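See below for the structure under consideration.
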Amino acid sequence: MEDIFQWTREGNAMQVRVWLDDTEHDLNQGDDHGFSPLHWACKEGHTKIVELLIQRGARINVTNRGDDTPLHLAAAHGHREILHHLLRNKADVNFTNEHGNTPLHYACFWNYQLIAEDLVAQGSLVSIANKDGDTPLDKAKGQLSKQLHELATSNGQDLKKIQFKDQSWLGMKTRSRDATLSRHRGIDIGELSLHTRIAEGPSGETWKGRWQKNDIVAKILAVRECTPRISRDFNEEFPKLRIFSHPNVLPVLGCCNSPPRLVVISQWLPNGSLFRLLHEETGGLVVDNAQALRFALGVARGMAFLHSIERITPQFHLNSYHVMIDDDLTAKINMGDAKFSFQERNRIYQPAWMSPEALSKGPKERNWEASDMWSFAILLWELATREVPFADLSPMECGMKIALEGLRVAVPPGISAHLSKLIRICINEDPGKRPTFDMVMPILEKMQR
């Protein structure tokens, strides 16, 4: 495996860029110590590589094995410009590592005055105690301690000491993904520990399990007979689903080709699908309008990326069941939900999100990009209304009425005029007049402001 970690440490931006252009390369993987490429770039002070990694979707608050985030390393090594990049991308200023230290602890210890002031100005608390009971003010020397005290007071901080509280057991840390997860293609089914069946349907069974100390989802495909040809097609098609290089695409980690069982393996995300988040009990997690727009923009970015690369052989139908929500509330297109060429060619299970032409024409006759845009419009409607489209109809009734009788979603009053207009544009009856995702993204970005 090419050493992305060495190239990042050396500051070889050109080689890092070439490596990132391969969709199978996972920019959030960690080395033996859990350092991601972003950790190393922040530690060594390579600003251009930091910008590139963030642009490509590196996790800002990812942790190494010592629970250091990239912000810890930028603060500890005095890289102020990099610190600003991280802060602009919502780095957590009060994140504590295994010693209880925040980035401000390190800035104060090494007497980086401007960095310490920047952190406090962005909400870093001067009164958080580490495991030894020391606050950042305790670590600051001389004049710096006085300046930070005054700055914190002027910002309305309560200077009462916040005692260290071990919360590692809550599992809130976001580890760099194990580098071995990104290198695996074929997996021995004996390596998997499958313990909970999540769902069962005509296309197969979905299980939660463990693999290499990571929570995973294993989809066991329903195949009537796993012939040598089907086994060959599976091996050829599944690598196209290993898209690690985009923040809004959830890749397939690997597969088991052990006839009669064909298994697709993906990362387990506790928040589940966008459909679950919008329409089922999710433990109090509320999706407000601002978050709904962020989800929509994430989906648009993911779909724009998929449209920019060679079309994958397996079919993918966009809907809220097939969008997964990461622990940092990033929407990700789930490649594990793509259908292989040998799977149920004429069966459709969520027609409510599909365009009339996708329901009435063969795969070779339809404009896939335009059909995806129709599906995106239904998803926008779903985000705006928090309703399931055509919930009162069976899938067969729904599909027939959309394809043959002109059944369409109605945009109710109360939705913002901009969003309502966008839905209508994306759901144009003429596929050739629907916009592309590259055209939709700037509109959604403006709506967020």
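Given the structure is predicted, the values throughout are model-derived calculations rather than measurements. Each residue takes its place number in the sequence, starting with 1.
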Residue M400 excluded, over 12 heavy atoms near CE under 6.0 Å: no
Pairwise side-chain contact, I162 with L125, heavy-atom cut-off 4.5 Å (strictly under): yes
Least distance between heavy atoms, W40 atom then T8 atom: CB-CG2, 4.0 Å
Parallel, tilted or perpendicular: ring planes of F275 versus Y321, cut at 30 and 60 degrees: parallel
Closest approach of I82 to A41 (non-hydrogen atoms, all atoms of both residues): CD1-O, 3.8 Å
Heavy atoms from other residues, nucleotides or ligands near NZ of K401 exceed 12 (cutoff 6.0 Å): no
Intermediate values then yes/no, side-chain contact (heavy atoms from CB on, under 4.5 Å), N334 and S266: CA-CA 9 Å; N334 186 14; S266 306; 4.3 Å; yes
Donor-acceptor pair between E397 and S394 side chains, under 3.5 angstrom: yes
Ion pair D326/R59, N-O distance below 4.0 Å: yes
P251 side chain reached by M335 side chain, heavy atoms, under 4.5 Å: no
Donor-acceptor contact below 3.5 Å, side chain K131 vs main chain E98: yes
Pair T436, D438: side-chain N/O donor-acceptor within cut-off below 3.5 Å: no
Trace of the side-chain contact (heavy atoms from CB on, under 4.5 Å) decision for M447 with L444: CA-CA 5 Å; M447 289 170 63; L444 289 169; 4.3 Å; yes
Test: R386 and E280 ion pair at under 4.0 Å: no
Row check, W7 ring normal vs R9 NZ/CZ: under 6.0 Å, within 45°: no
Closest heavy-atom pair and its distance - C426, M373: SG-SD, 3.5 Å
F305/H246 aromatic ring centres below 6.0 Å: yes
Side-chain donor/acceptor of N61 to backbone N/O of D92, under 3.5 Å: yes
Flag, side chain of H418 to backbone of I443, donor-acceptor distance under 3.5 Å: no
Between D372 and H307, a side-chain donor and acceptor under 3.5 Å: yes
Residue pair N235 / P239: nearest heavy atoms and the distance that separates them: O-CD, 3.1 Å
Salt-bridge criterion met for E429 and R408 (N-O under 4.0 Å): yes
Taking every non-hydrogen atom, the tightest pair across T69 and F95: CG2-CD2, 3.5 Å
I198 vs W207 side-chain heavy atoms within contact, under 4.5 Å: no
Side chains of E225 and T227, donor plus acceptor under 3.5 Å: no
Audit row: S203, Q343, side chain to side chain donor-acceptor pair (under 3.5 Å) steps and yes/no: CA-CA 8 Å; S203 61; Q343 276 186 289; 5.3 Å; no
N/O donor-acceptor pair under 3.5 Å between Q29 side chain and D26 backbone: yes
Nearest heavy atoms of I4 and P37, plus distance in Å: CG1-CG, 4.0 Å
Flag, side chain of R301 to backbone of N248, donor-acceptor distance under 3.5 Å: no
Main-chain N/O of I325 paired to K332 side chain as donor or acceptor, under 3.5 Å: no
Value rounded to 0.5 Å, distance of CZ in R424 from CG in L419: 10.0 Å
E24 bridged to R242 by N-O distance under 4.0 Å: yes
I333 side, atom CD1; M303 side, atom CE - distance, nearest 0.5 Å: 5.5 Å
Residues E51 and H85: side-chain donor-acceptor under 3.5 angstrom: yes
Charged N-O contact under 4.0 Å between E205 and K219: no
Verdict with supporting geometry, F340 and D233, side-chain contact (heavy atoms from CB on, under 4.5 Å): CA-CA 8 Å; F340 291 86; D233 290 348; over 6 Å; no
Donor-acceptor under 3.5 Å (N97 side chain, N101 main chain): yes
Within-4.5 Å side-chain heavy-atom neighbours: L253 and N214: no
Gap separating the CD1 atom of I425 from the CG atom of L380, nearest 0.5 angstrom: 11.0 Å
W381 side-chain N/O to A410 backbone N/O, donor-acceptor pair under 3.5 Å: yes
SB check D21 R56 (cutoff 4.0 Å): yes
Parallel, tilted or perpendicular: ring planes of W19 versus H25, cut at 30 and 60 degrees: parallel
Over 12 foreign heavy atoms within 6.0 Å of CZ, R210: yes
Main-chain N/O of I60 paired with N89 side-chain donor or acceptor, under 3.5 Å: no
Enclosure of R261 CZ (heavy-atom neighbours >12, cutoff 6.0 Å): no
F164 vs N130 side-chain heavy atoms within contact, under 4.5 Å: no
Note, H322 side chain near N319 side chain (heavy atom, < 4.5 Å): yes
Partner of C256 under side-chain contact (heavy atoms from CB on, under 4.5 Å), chosen from V263, L262, I220: V263
Plane angle bin for F35 and H33 - parallel if under 30°, tilted between 30 and 60°, otherwise perpendicular: perpendicular
Gap separating the CD1 atom of I128 from the CG atom of N94, nearest 0.5 angstrom: 4.0 Å
Interatomic spacing from CG in N28 to CD in Q267 - rounded to 0.5 Å: 9.5 Å
Modelled atom types, side-chain donor and acceptor of T23 and S245, under 3.5 Å: no
side-chain contact (heavy atoms from CB on, under 4.5 Å) between I243 and V252, intermediate numbers included: CA-CA 7 Å; I243 302 174; V252 164; over 6 Å; no
Side-chain donor-acceptor contact under 3.5 Å, E237 with S341: yes
Side chain to side chain donor-acceptor pair (under 3.5 Å) between D118 and H84, worked out: CA-CA 8 Å; D118 291 340; H84 288 171; 2.9 Å; yes
Atom pair NE2 (H317) and CG (D337), whose distance is rounded to the nearest 0.5 Å: 11.5 Å
Side chain to side chain donor-acceptor pair (under 3.5 Å) assessment of S231 paired with N257: CA-CA 7 Å; S231 180; N257 189 342; 2.9 Å; yes
Flag if over 12 foreign heavy atoms under 6.0 Å of CG, D32: no
Distance-only side-chain donor-acceptor flag, E382 / W353, under 3.5 Å: yes
